[in-house]
Amino acid sequence: MSSSMLRKIAIVCAVVLGMGLVGGAGLYLSRTQSEARESVIRAFDDRGRLAAGVVGDTLLASDPKTREWAAAAFASDGDALSGALAAGLDASVPWLAVLRADGTLLGASPAGARERAAALRSDTGFRRAVETGTIAFGDLVTVDGVAWVHAFQPYAAGSGTRVLVLPQRATSMNILLGSALNVAGARSYVIDGAGHVVVASDSTVLGATLPDAAIAAAVGRSNRGTVGHHQFAADAVAASNWRTVLVTSHSALLAPYDRTARSAWLMFAGFAAAVLLMMVIGAGMVVSTSRVAHARLHDQLTGLPSRALFLQSTEAAISQWRRRDGVSSAAGGQVAALFLDLDGFKPVNDTYGHATGDALLKAVAQRLVAATRPEDLVSRFGGDEFLVLCRGLQGEDDAFAVADRIKNYLSEPFEVLGRTVRIGVSIGIATLGGDADQAEALIQNADTALYQAKNNGRGRIERFTPASS
């Protein structure tokens, strides 16, 4: 090949390389700007979520004190309840009412408020309070030109759950929650389920709709987006059917990034971002690997160790026991397996649905961990069956004591998704020794003992003996 041809090839390669570098740098800068813009918008969205969280926490903060007051003052009936309601009135609270959980009016003061209070059984705030068991706030209403918000405080009384209705002036709510919106750093509003403004950071009249009709329409369709030259974010507020709405102009939102110099600093930032990206990818791979390993060895629903991890731990405990030559129980080296099966779980699952069943299993897992010793290992075997590995026992009586404590813990009622349910447990116990010197054999013996406990009437604790098999 001639030197001329070599030079042409060298020139072409240099041009291609130069164009590639320029094009790559241009694409990189364009992508960096796009990512920066999206990052700013995400930060704005996060501020919206933060504002909603602060507002919701502020609303819920009054629950304990108001609940205590309601339970102490309004647990009576008839004339006594009417008198207590009348005593609770002051300049800031023009009327009070108490409803049953089914919406039946128990009392109201003054008497003229009875019709208004009885109609609140259909209010979204009342339904939310009954469902959640915590204070809830309804939509804004206007009476004689004054905007009000009704607070619904559930509390326990002798005859069951009651709900105290406290009317709140919207102006007072605006003062209370206005400071919570300061975290947003933008035009901020709290609107009720009908789209009426409950709190505003500007001069918007309470009870009106959002001042920007286009934003109001967009909020009705989506939680986030762009309308004209404005960005908005809407987020649900706890203890209510309300939402916070943040609005800001793109020029104000993106100004810091539009002023950033597009020069060597961007190239340096690009290099740093590439390094950071590799670190993030590496960390992500490590986290992903760790999550896969954790998922393999732990139950997804309860977070308890899986059967595979239980077998590994049992084999390790048995190996340690063997190294000590099967020392006597007096030395504190005995190992036992407890096989548990919940009594009455299936009716709960069938009656209230799988969501309640799953929530109950999570609650059972928590109680099992609380009922066992630090050196014990609680595992979900599958369905409503659990395994407990007891290590460092002095003898079989120690294993029985752990099983008895578990039985007592699980016999207490569970509060699951607003319902009170009761279940029991049958337990089989097997200890190392004889032919049970392998993990599978130990579990099998515990299962055999569990089968015996079930046959003997459920809710029992049975030890494995050779006769059991």
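Excluded from the calculations below are hydrogen atoms, water molecules and symmetry mates; all remaining heavy atoms, backbone and side chain alike, are included. For reference, positions follow the sequence shown, starting with 1.
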Okay, side chain of [X], backbone of [Y]: is any donor-acceptor separation there less than 3.5 Å?
X    : Y    : result
R367 : E412 : yes
T66  : S62  : yes
R127 : S122 : yes
D343 : G459 : yes
D398 : L393 : no
S379 : P305 : yes
R391 : E375 : yes
T58  : V54  : yes
S411 : G424 : no
R243 : V219 : yes

For residues 351-359, which side-chain N or O atoms pair as donor and acceptor with protein atoms under 3.5 Å away, sequence neighbours left out?
residue	atom	partner	partner atom	Å
T351	OG1	P347	O	2.6
H354	ND1	N349	ND2	3.2
T356	OG1	Y352	O	3.4
T356	OG1	R419	NH1	3.4

Checklist entry - What pairs of residues pass the salt bridge (Lys or Arg N to Asp or Glu O under 4.0 Å) test when at least one of them lies in residues 61-72, not counting sequence neighbours? => result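 Qualifying pairs: D63-R67.
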
Can you name the nearest heavy-atom pair linking [X] to [Y], along with the distance?
X    : Y    : answer
A236 : A52  : O-CB, 3.5 Å
V247 : F232 : CG2-CB, 4.3 Å
G138 : W242 : O-NE1, 3.0 Å

Item to check | F386: which of L410, I427, L361, I406 passes side-chain contact (heavy atoms from CB on, under 4.5 Å) | outcome: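 Per the side-chain contact (heavy atoms from CB on, under 4.5 Å) rule, the option paired with F386 is L361, out of L410, I427, L361, I406.
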
Next on the checklist: Exactly one of V55, T244, V198 should register a side-chain contact (heavy atoms from CB on, under 4.5 Å) with L177. Which one does?
Outcome noted: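 In the set V55, T244, V198, the residue that makes a side-chain contact (heavy atoms from CB on, under 4.5 Å) with L177 is V55.
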
Checklist entry - Do E462 and N456 meet the criterion of a side-chain donor-acceptor pair at a distance under 3.5 Å? => result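 Present: a donor and an acceptor within the cut-off.
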
Next on the checklist: Within a 6.0 Å radius of atom NZ on K407, are there more than 12 heavy atoms belonging to other residues, nucleotides or ligands?
Outcome noted: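 Counting other residues, nucleotides and ligands, NZ of K407 stays at 12 neighbours or fewer.
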
How about [X] and [Y]: do any of their side-chain heavy atoms sit closer than 4.5 Å?
X    : Y    : value
L206 : R169 : no
F310 : I443 : yes
I175 : S172 : no
F414 : V348 : no
Q312 : L297 : yes

As an exercise, state the distance from [atom1] of [X] to [atom2] of [Y], rounded to the nearest 0.5 Å.
X    : Y    : atom1 : atom2 : answer
S313 : L389 : OG    : CG    : 6.5 Å
L301 : R380 : CG    : CZ    : 5.0 Å
T448 : F339 : OG1   : CZ    : 9.5 Å
L450 : I461 : CG    : CD1   : 11.5 Å
F464 : Q444 : CZ    : CD    : 8.5 Å
T431 : F400 : OG1   : CZ    : 13.5 Å

Item to check | Test salt bridge (charged side-chain N to carboxylate O under 4.0 Å, His left out) applied to R224 and D235, step by step | outcome: CA-CA 9 Å; R224 274 156 178 73; D235 293 276; 2.8 Å; yes

Next on the checklist: Apply salt bridge (charged side-chain N to carboxylate O under 4.0 Å, His left out) to residues R463 and D397 and explain how you reach the verdict.
Outcome noted: CA-CA 10 Å; R463 293 185 175 97; D397 288 342; 3.2 Å; yes

Next on the checklist: Show, in sequence, the C-alpha distance, side-chain angles and deciding distance for L96 and L166, and conclude whether the side-chain contact (heavy atoms from CB on, under 4.5 Å) test is met.
Outcome noted: CA-CA 6 Å; L96 290 171; L166 299 97; 4.0 Å; yes

